[in-house]
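Below: one structure, written as structure tokens.
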2 protein chains.
Amino acid sequence: MPGSSKLKHRSGCPVSKSLEIVGDRWSLLIIRDMMIRGVRNFKDFQQSGEGIASNILADRLRKLQEAGVITSEAGETDGRKVNYRLTQKGIDLAPALLELLIWGAHHDDGGPPPAVIRTMMKQREAILAEVRRRWRNRDTTPLQSKTGEWHLPG
Amino acid sequence: MPGSSKLKHRSGCPVSKSLEIVGDRWSLLIIRDMMIRGVRNFKDFQQSGEGIASNILADRLRKLQEAGVITSEAGETDGRKVNYRLTQKGIDLAPALLELLIWGAHHDDGGPPPAVIRTMMKQREAILAEVRRRWRNRDTTPLQSKTGEWHLPG
DNA sequence: CCGGATCCGTTTCGATACTG
DNA sequence: CAGTATCGAAACGGATCCGG
């Protein structure tokens, strides 16, 4: 419908397009895996997320691209592989995602001990800086292995 | 049947119970309305969220209670009315929610102009302090009316 | 092998109507 | 006002198949 500014997401949901990404279980996990664990490939997402169906995963990856949060490019060494990467918009989600993870860790049953949580909160800025640095340098190794002390939860 | 609490999330979703709240379009909007706009009653949620179905709203309010994010209590003046309020766990979501709103405002088409966004980011701590203060004092007037300058997006 | 697409039974959503 | 009941539509998830 050209000229119509009503995208009509699903039915009457008033949430903005960007926030739709967040309001989805899998999308948030995908972004977390990319940002924290450095996951890039289709298969790694399947194993990392602990059982997302391939059709759902493909659907979410496509929607995340449409939303401008990630991009996909053919692997340079292996033509078969596809590398997914966060865009600037995706990286900008880091502060919110980190707050979310801290909140979950703090309030979840069986979460990490309070000392670890306090460490996470203190290192908040350091973690964000590291995420941004990695993005600039295209470094995709998991965050945890860098210091061994961050214990980012999921 | 609604009312039977099956613990089995949906199928194999690995996300923690707390993060399930966030991975839902409506739950996030409900919390936002409570925190930013001071919404407390069933009917206000229906109008505020711009068209959430009553059965969905009831379901989400119940799940948020089960998750310990909100509580419900019968209205003191009017027995029919039910007042929903954020718990401490719910209030603790404020930093994450605010980051999310800033992110959405920044990256959404037709969002507020950059100057407003920069103001939001600068006032981040002030907004959080105000949310906490209101929660302590059971003040439920909308946040915007306080200063008229925060322009919190949705 | 990798990154999907297709088929299909099951679950959940959502609009409307209705009730205490 | 604060929810249920109902029912069609959509999304989900598992399994399997396909192109490169």
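Chain A is the first sequence line, chain B the second, and so forth, proteins listed ahead of strands; every chain is numbered from 1. Hydrogens, waters and symmetry mates are skipped; everything else that's a heavy atom, side chains included, is used.
Atoms CG (A:D59) and C1' (D:dC12) sit 10 Å apart, rounded to a whole Å. Between B:E73 atom CD and D:dC1 atom P there is a gap of 19 Å when expressed in whole angstrom units. At whole-Å resolution of the value, CG in A:L57 and P in D:dG14 are 13 Å apart. When rounded to the nearest whole Å, the span between CZ of A:R62 and P of C:dT6 equals 11 Å. The distance from atom CD1 of B:I56 to atom C1' of C:dT11 is 13 Å, rounded to the nearest whole Å. The interatomic distance linking A:Q46 (CD) with D:dG13 (P) rounds to 13 Å, in whole Å. Rounded to an integer number of Å, the gap from NZ of B:K63 to C1' of D:dG3 is 16 Å. Per the geometry, CD1 belonging to A:I52 stands 11 Å off C1' belonging to D:dC12, to the nearest Å.
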Kindly indicate, with the supporting measurements, whether the criterion side-chain contact (heavy atoms from CB on, under 4.5 Å) is fulfilled by A:I30 and A:L57. CA-CA 9 Å; A:I30 289 171; A:L57 176 57; 3.8 Å; yes
Kindly determine whether B:T141 and B:D139 satisfy side-chain contact (heavy atoms from CB on, under 4.5 Å), including the steps that lead there. CA-CA 6 Å; B:T141 52; B:D139 184 353; 3.0 Å; yes
side-chain hydrogen bond (donor to acceptor under 3.5 Å, both in side chains) between B:T140 and B:R134: does it pass, once the steps are laid out? CA-CA 7 Å; B:T140 57; B:R134 284 161 173 278; over 6 Å; no
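Side-chain contact between B:R85 and B:I70 is absent, with no heavy atoms from C-beta onward closer than 4.5 Å.
Under a 4.0 Å N-O distance rule, the pair B:R124/B:E99 qualifies as a salt bridge.
Between the side chain of A:S54 and the base of C:dA5 there is at least one donor-acceptor pair of N/O atoms closer than 3.5 Å. For a distance-only test at 3.5 Å, the side chain of A:N55 qualifies as a donor-acceptor partner of the base of D:dG13. Evaluation of atom-type donor-acceptor distances gives no pair under 3.5 Å for the side chain of A:N41 against the base of C:dG3.
An OP1 or OP2 oxygen of D:dG3 is reached within less than 4.0 angstrom by a side-chain nitrogen or oxygen of B:Y84. Remark: A:R60 is in phosphate contact with D:dC12, judged by side-chain N or O atoms under 4.0 Å from OP1 or OP2. One finds a side-chain N or O of A:W26 lying less than 4.0 angstrom from the OP1 or OP2 phosphate oxygen of D:dG13. Under 4.0 angstrom from either OP1 or OP2 of D:dC1 there lies at least one side-chain N or O belonging to B:K43.
B:R80 comes within contact range of the sugar-phosphate backbone alone, with a heavy-atom separation under 4.0 Å but no base atom that close. Looking at heavy-atom distances under 4.0 Å, A:A58 makes contact with sugar-phosphate atoms alone, never a base. At a threshold of 4.0 angstrom between heavy atoms, the contacts of A:F45 with the nucleic acid are absent.
Side-chain atoms of A:K81 lie closest to C:dC2 of the nucleotides C:dC2, D:dC1, C:dA15. Side-chain atoms of B:R25 lie closest to C:dC13 of the nucleotides C:dC13, D:dG13, C:dC2. Side-chain proximity of A:D24 to the nucleotides D:dC12, D:dC1, D:dT6 is greatest for D:dC12.
When every heavy atom of B:G68 is checked against every heavy atom of B:T87, the shortest pair comes out as O-OG1, 2.6 Å.
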